[in-house]
Amino acid sequence: MTDVSHAHASPRDYTLPEGCPACGADLPVRVSAAGTHGVCKHCGWFGRPLLTVTHQGLRITYEGAQA
């Protein structure tokens, strides 16, 4: 996992295979000091996936929409 706790840390780009919650396509994700952002190039879904480090690897979750 990239350490993004420092303000001067440069953004990192990753691709989550089959990571789009809407269509299941690969999801490009940018991790920076401002947080995690993802935009699907296939269907246009965008959001802020939450990445959590666990003993078994990375856990990726998505918050539900708020009205």
Side-chain angles (χ1 to χ4, degrees):
M1 178 79 188
T2 303
D3 180 15
V4 294
S5 61
H6 303 289
H8 65 279
S10 61
R12 304 284 184 179
D13 294 323
Y14 301 97
T15 299
L16 303 176
E18 301 176 2
C20 179
C23 72
D26 293 349
L27 183 66
V29 174
R30 174 165 284 180
V31 180
S32 69
T36 306
H37 300 82
V39 178
C40 180
K41 293 180 180 178
H42 185 261
C43 72
W45 178 90
F46 62 93
R48 299 186 74 173
L50 178 62
L51 302 178
T52 307
V53 179
T54 68
H55 292 289
Q56 299 166 335
L58 286 179
R59 180 175 172 216
I60 302 161
T61 57
Y62 304 93
E63 299 256 342
Q66 296 179 359

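Residue indices begin at 1 and follow the sequence shown. As a basis for the values below, the full set of heavy atoms in this structure was taken, side chains included, without hydrogen atoms, waters or symmetry mates.
The minimum heavy-atom distance linking Arg48 with Gly35 is given by the pair NH2-CA, 3.6 Å. Minimum interatomic distance between Leu27 and Cys20 (heavy atoms only, all atoms of both residues): CB-N, 3.8 Å. When all heavy atoms of Glu18 and Asp26 are compared, the closest pair comes out as N-OD1, 3.0 Å. Closest heavy-atom contact between Lys41 and Pro28: CE-CG, 3.9 Å.
Pro21 is listed as a side-chain neighbour of Trp45, based on a closest heavy-atom distance under 4.5 Å.
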side-chain contact (heavy atoms from CB on, under 4.5 Å) assessment of Leu58 paired with Val53: CA-CA 5 Å; Leu58 286 179; Val53 179; 3.9 Å; yes
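With rounding to the nearest 0.5 Å, the separation of CD1 in Ile60 from OG1 in Thr52 is 9.5 Å.
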